[in-house]
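Numbered from 1 within each chain, the chains take letters A, B, ... in sequence-line order. Fair warning: this is a prediction, and the values are worked out from it, not measured in the lab.
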Amino acid sequence: MSRRGFLALAGAGAGVAGGVALVGCDDASAGDAVDAADAVDVVAFHGAHQAGIATPAQDRLHMAAFDVTTDDRDELIGLLRAWTDAAAAMSEGRDVGEFGSMDGPYLAPPEDTGEAYGLRPSRLTITFGFGPGLFRDAEGNDRFGLADRRPAALRDLPHFPADALDPNRSGGDLCVQACADDPQVAVHAIRNLARIGFGTASVRWSQLGFGRTSSTSDAQVTPRNLFGFKDGTANVKAEHDELLDEFVWVAPTDDPAAAWLAGGSYLVARRINMHIETWDRTSLQEQEAVIGRDKRAGAPLSGGDEFASPDFDMTGAGGTAIIPPSAHVRVAHPAQNGGTHILRRGYNFADGTTGLGRLDAGLFFIAFTRDPDRHFIPLQTNLARHDALNEYIQHTGSALFAVPPGIEPGSFVGQQLFDR
Amino acid sequence: MSVPVLSAGLPGPRASASHHERLGPVLLASRPRRLATCGLAAATVLLVAACTSNDSSTEAGALRVSSTADTCEVSASEAPSGNVVFEVTNDGTEVTEFYLLADDGLRIIGEVENIGPGITRNLVVQAAPGSYVTACKPGMVGDGIRSPFTVTDSGTAIASSDVAQLLATATEQYRLYVRDQVAQLATKTEAFADLYRSGDDDGARALYADARTHWERIEPVAESFGDLDPRLDLREADLEAGQAWTGWHAIEKDLWPPAEGYLSLDDAERTELADRLVADTDDLSARIQDITFDATQLGNGAKELLDEVATGKVTGEEEIWSHTDLWDFQANVDGARIAFEALRPALETKDAELADTLADRFAALQVVLDEHRDGDGFVLYSALTADEVATLADAVDALSEPLANLTAAVVL
């Protein structure tokens with residue numbers, strides 16, 4: 001049975017509990033109320049582009065990368081088909097499988113693990129990506145007959161200055177980004193997909209995130225990162241179709257060998273540890289100089305409000321630039337990077353503490369880009385070279401995936417890649 | 001049970017992402033999923049009303065200052081002695097500055113500069129009773145728009161104002177220290193380069209950590225030369241594709257080569273690296289001769305040295321081939337302690353408790369570090385246990401946290 005079905009049944013009894021809060025609202029029937037609540041809580045799984053890219057960023061993340069353990073093309077396709085079906089169900093707030101979490105044979109383990117039973121759909125989005133290893137494994141083998149369709153830009157990112165990458169937090173043949181407003185819903189999604197994958201794909205790394213660190217819609221407030229600053233103000237947002245077409249969605253002509261990727265994108269994941277403790281000991285003046293923004297409102301140091309364009313030519317005391325040359329906002333700004341925009345969709349993370357009693361925390365950076373070679377790599381090279389923030393961060397994980405286009409009902413994710 | 005009336009003017013998307021508003025949906029998740037959207041909003045509002053927000057708006061007692069092209073309005077013309085907070089908003093269209101001046105109109109008690117249009121920034125000063133002058137300087141030119149300002153006696157003890165002389169002595173002491181260190185660095189670097197160039201690897205290895213000590217003691221000063229620092233001190237991981245690797249760590253790797261996959265440098269390559277190291281160090285030495293410091297640089301420099309320890313040395317990332325991280329560790333601490341000792345007389349007059357804390361924590365850190373001494377130097381980082389590293393890290397953090405307040409304490 002679906003989580004949704006449970007709701008409708010529970011509605012009549014739960015009316016009392018909700019009654020007080022509903023004073024002043026339309027006197028909707030229980031069933032209607034549920035539908036109305038779910039409607040704002042569900043992000044469409046099917047469409048021209050995968051959900052979880054240009055759809056509004058949710059508050060929580062669980063992302064996993066997988067190594068494909070089979071060499072059998074049909075098994076791989078079977079996995080993608082099963083994942084697609086499960087993802088579609090979970091996105092709508094339904095259980096995985098025919099019988100779900102409670103209604104299957106009594107002597108069998110439930111198909112759905114059940115911890116999301118009774119929870120709202122929570123705007124869950126599940127976004128799939130294909131890593132370089134799917135096309136050619138580490139030994140150079142073309143396991144699945146896909147090598148001639150590998151997008152040219154899909155390869156391990158280059159070493160950037162000061163990278164300290166952990167192989168156990170990097171790479172992967174497949175990825176799944178699950179975002180939701182309820183962390184349990186996001187974890188449930190990855191858990192159930194990993195379960196489906198046993199025997200075909202094994203989890204290489206996974207990452208929990210909280211507190212989205214960017215807005216992907218004009219309707220969202222720019223959140224703060226763990227440095228306490230608003231970040232990603234100049235992000236590409238869903239309302240800006242022309243920027244999405246130019247900087248996010250792969251066009252059919254971009255890479256003739258990989259025409260299957262049209263309407264998709266590339267997902268860049270970077271685990272960026274922050275030296276939280278040393279940052280916290282830094283004066284407010286220094287913090288603002290490093291970021292180039294005022295901490296309170298997020299305005300560029302050249303003035304105005306958060307969304308004011310930074311005036312990089314404005315000078316302050318002693319004739320020096322009021323936004324310092326190495327300030328993050330300057331080095332990362334499209335104006336300093338040949339007009340490059342990126343769609344950021346990252347999350348804060350705090351994975352407990354290190355053996356030295358410090359937070360193992362930072363930013364799990366996720367960006368979607370039309371062409372990593374033209375957009376992300378030059379930008380990150382520039383940042384690694386010049387950004388004052390480098391004093392307080394360390395990149396510890398890295399991965400790049402090609403994100404197939406949206407999924408139509410009845411098809412599976414990336415089907416265009418496998419069709420001959 | 002009273003029920004809050006649901007206002008018709010509820011914001012749809014939440015107006016801010018403050019911590020407590022997020023609590024709303026989280027708590028609701030524990031209820032059966034029965035609530036319609038409007039019920040959800042009502043409960044959220046209830047929670048918001050019951051909580052204070054995380055907004056760090058003006059603290060009580062702050063004076064508001066509005067700076068425009070031709071006005072400098074201060075919300076009151078007097079304040080009680082102690083910490084006086086001016087919340088300065090630039091309501092004009094040009095960059096502005098705000099000053100609190102002594103009654104002679106010349107001596108600066110405190111200032112905030114580079115306030116862009118629309119931006120608000122606080123000036124916090126410790127002001128003793130007396131007469132002062134406030135000034136805004138829109139466009140950063142001229143004498144500014146001035147008004148008299150009075151600090152009344154609140155009974156709060158304020159440090160005497162002879163700190164300026166103490167700070168001048170401190171910065172001069174530190175300048176001489178830096179010059180001495182760079183001179184020793186240049187001498188030992190040359191000796192090290194000779195040994196390395198001539199193939200005396202044992203001799204070079206023996207001098208490596210000792211010579212670098214003088215670099216590490218003044219690291220924030222050396223790093224302030226953005227062109228020299230990467231040429232002299234870049235680690236392999238910091239390289240970008242195609243970048244030539246020079247300096248201490250390139251030689252370090254050649255002297256302590258990895259077991260596999262490394263091709264030792266030939267004589268010509270060694271000579272080139274050694275010559276470059278000497279030339280760049282001489283360049284550094286020449287540039288440092290003319291440098292002067294202010295108290296802020298001393299305090300921040302001390303803090304940055306401990307940051308270096310925290311992020312590089314205590315983790316063993318600085319000397320990944322020689323494992324002589326503890327020499328660098330000691331040198332960073334030396335440099336920070338010198339800056340602290342120079343500032344200490346001024347700090348004693350302004351915050352004696354902080355001075356005591358810092359002295360205690362420097363001593364405590366030294367005790368932990370001394371446990372790893374071996375002959376003239378230290379044991380290798382690779383010989384430390386995880387527990388020993390954790391103990392060192394704790395001692396570093398214990399010092400770093402109060403040390404970060406040194407600058408504000410002496411300059412405020």
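For chain A, the nearby part of Arg121(B) is the side chain; its heavy atoms alone come within less than 4.5 Å. Residue Thr320(A) does not touch chain B at all, counting heavy-atom pairs closer than 4.5 Å. Residue contact with chain B, scored on non-hydrogen atoms closer than 4.5 Å, is absent for Gln184(A). Using a 4.5 Å cut-off between heavy atoms, Glu317(B) contacts chain A through its side chain alone, with no backbone atom that close. Contact of Asp163(A) with chain B is made through the backbone alone, with heavy-atom distances under 4.5 Å. Proximity to chain A (any heavy atom under 4.5 Å) is shown, for Val389(B), by both the backbone and the side chain. The part of Asp394(B) that comes within reach of chain A is its side chain, from C-beta onward, which places non-hydrogen atoms under 4.5 angstrom from that chain. Contact annotation for Glu97(B): only side-chain heavy atoms (C-beta onward) come within less than 4.5 Å of a heavy atom of chain A. Contacts between Glu111(B) and chain A at a heavy-atom distance below 4.5 Å are absent for every atom of the residue. Only the backbone of Pro300(A) comes within less than 4.5 Å of a heavy atom in chain B; its side chain stays farther off. For a residue to count as touching a neighbouring chain, one of its non-hydrogen atoms must lie under 4.5 Å from one of that chain's; by this rule Ala386(B) does not touch chain A.
Each of Ala384(A), Ala299(A), Ala317(A), Gly357(A) has some count of heavy-atom pairs under 4.5 Å with chain B, and the biggest count is that of Ala317(A). Among Ala408(B), Ala310(B), Gly139(B), Pro117(B), the residue making the largest number of heavy-atom pairs under 4.5 Å with chain A is Pro117(B). Of all the listed residues (Glu286(A), Arg358(A), Met314(A), His275(A)), the one sharing the greatest number of non-hydrogen pairs under 4.5 Å with chain B is Arg358(A). Contact tally against chain A (heavy-atom pairs below 4.5 Å) for Ala393(B), Ala237(B), Pro230(B): the top residue is Ala237(B). Counting heavy-atom pairs under 4.5 Å between each of Thr391(B), Thr311(B), Thr315(B) and chain A puts Thr311(B) at the top.
Here the closest non-hydrogen pair linking Asp182(A) and Ser122(A) is CB-OG, 3.4 Å.
A salt bridge between Lys237(A) and Glu239(A) is absent, with no side-chain N of the basic residue lying under 4.0 Å from a carboxylate O of the acidic one. With salt bridges taken as basic N to acidic carboxylate O contacts below 4.0 Å, none links Glu306(A) and Arg293(A). Lys295(A) and Glu288(A) are not joined by a salt bridge, as no carboxylate oxygen comes within less than 4.0 angstrom of a charged side-chain nitrogen.
At a cut-off of 3.5 Å, with distance as the only test, a side-chain donor of Glu318(B) or His249(B) sits close to an acceptor on the other residue.
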_Please determine whether ring pair (Phe, Tyr, Trp, His ring centres under 6.0 Å) holds for the pair Tyr347(A) and Phe210(A), giving the CA-CA distance in whole Å, both sets of side-chain angles, and the decisive distance to 0.1 Å._
CA-CA 6 Å; Tyr347(A) 289 84; Phe210(A) 63 92; 9.0 Å; no
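The ring-ring contact (aromatic ring centres under 6.0 Å, His included) contacts involving residues 301-327 of chain A comprise Phe312(A)-His333(A), where partners must be two or more places apart or lie in separate chains.
Counted within 6.0 Å of CD on Glu113(B), heavy atoms from surrounding residues, nucleotides or ligands total more than 12; the atom is thus considered enclosed.
Relative orientation of the Phe86(B) and Phe98(B) rings is tilted, given thresholds of 30° and 60° on the angle between their planes.
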Show me the donor-acceptor pairs within less than 3.5 Å that the side chains of residues 399-406 of chain B make with the rest of the protein, sequence neighbours left out.
from      : atom 1 : to        : atom 2 : distance (Å)
Ser400(B) : OG     : Val396(B) : O      : 2.7
Glu401(B) : OE1    : Arg281(A) : NE     : 2.8
Glu401(B) : OE1    : Arg281(A) : NH2    : 3.4

